[in-house]
Amino acid sequence: AQSVTQPDIHITVSEGASLELRCNYSYGATPYLFWYVQSPGQGLQLLLKYFSGDTLVQGIKGFEAEFKRSQSSFNLRKPSVHWSDAAEYFCAVGLTSGTYKYIFGTGTRLKVLA
Amino acid sequence: EPEVTQTPSHQVTQMGQEVILRCVPISNHLYFYWYRQILGQKVEFLVSFYNNEISEKSEIFDDQFSVERPDGSNFTLKIRSTKLEDSAMYFCASSIAVSGEQYFGPGTRLTVT
């Protein structure tokens with residue numbers, strides 16, 4: 001069955017430090033890949049997406065993600081974290097055949113220390 | 001930029017009551033979806049809808065749930081007899097093509113007391 005794994009439930013980093021959030025998926029083909037950010041009680045904001053082409057994707061707020069087919073991964077990175085980045089981050093895959101729902105990971109809650 | 005809208009932003013209802021959550025998808029989109037996020041948990045797919053029919057539904061989407069496109073602009077999710085465990089954030093989404101990007105609305109927070 002298709003699944004998305006975000007192995008880190010909580011991550012704490014200091015402001016200015018680099019960040020990497022991990023995402024692995026299980027799917028027979030290459031899916032569409034997304035990262036969303038959610039502040040408490042708020043909706044989902046799309047950070048970036050991968051459909052095809054260049055495997056390094058740039059998004060908003062200085063985030064980037066790299067698709068690695070061999071590892072079935074789509075890790076999110078940011079070189080220097082700001083206090084306002086504290087939020088929950090969800091990786092999602094969009095299945096590309098048979099069914100077109102999104103499957104979300106369980107999320108990673110990011111805490112930023114001043 | 002066109003966006004998906006949802007009303008109300010927050011709905012409080014008593015257990016056993018019927019609720020209707022409303023969504024206005026992007027105008028030229030043809031595929032519509034509902035997702036649910038229980039507090040502190042991940043977002044889960046409920047149902048997809050195309051051409052006035054349900055395309056797919058999850059095991060969560062039981063007989064208490066129904067969806068409808070009553071006119072050319074609205075897409076609704078009805079819960080017939082709400083339970084405490086229906087308390088969640090409900091997200092509507094739409095896409096122009098079956099495998100196209102889904103655009104999410106801001107969500108409706110449903111609280112069942």
Name the region of [X], side chain, backbone, both or neither, that has any atom closer than 4.5 Å to a heavy atom of chain A.
X: B:Tyr31; value: neither
X: B:Gln102; value: both
X: B:Glu101; value: both

Toward chain B, the part of A:Gln38 with a non-hydrogen atom under 4.5 Å: side chain

Contact class of A:Leu46 relative to chain B, heavy atoms under 4.5 angstrom: side chain

Around atom [atom1] of [X], are there more than 12 heavy atoms from other residues, nucleotides or ligands closer than 6.0 Å?
X: A:Ile60; atom1: CD1; answer: yes
X: B:Lys83; atom1: NZ; answer: yes
X: B:Gln14; atom1: CD; answer: no
X: B:Asp62; atom1: CG; answer: yes
X: B:Leu39; atom1: CG; answer: no

Parallel, tilted or perpendicular: rings of B:Phe104 and A:Tyr102 (30°, 60°):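 Rings of A:Tyr102 and B:Phe104: tilted, 30 to 60°.
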
Spatial distance of atom NZ (A:Lys101) from atom NZ (B:Lys57) [nearest 0.5 Å]: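 Atom-to-atom, A:Lys101:NZ and B:Lys57:NZ are 13.0 Å apart.
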
Nearest-0.5 Å distance that lies between atom OH in B:Tyr35 and atom CD1 in A:Ile103: 9.0 Å

Single-linkage hydrophobic cluster, 4.5 Å side-chain cutoff, B:Phe75 and B:Ile79 together: yes

Cluster check B:Leu110, B:Met15: I/L/V/M/F/W/Y, side chain < 4.5 angstrom: yes

Closest approach of B:Gln37 to A:Phe90 (non-hydrogen atoms, all atoms of both residues): NE2-CZ, 3.3 Å

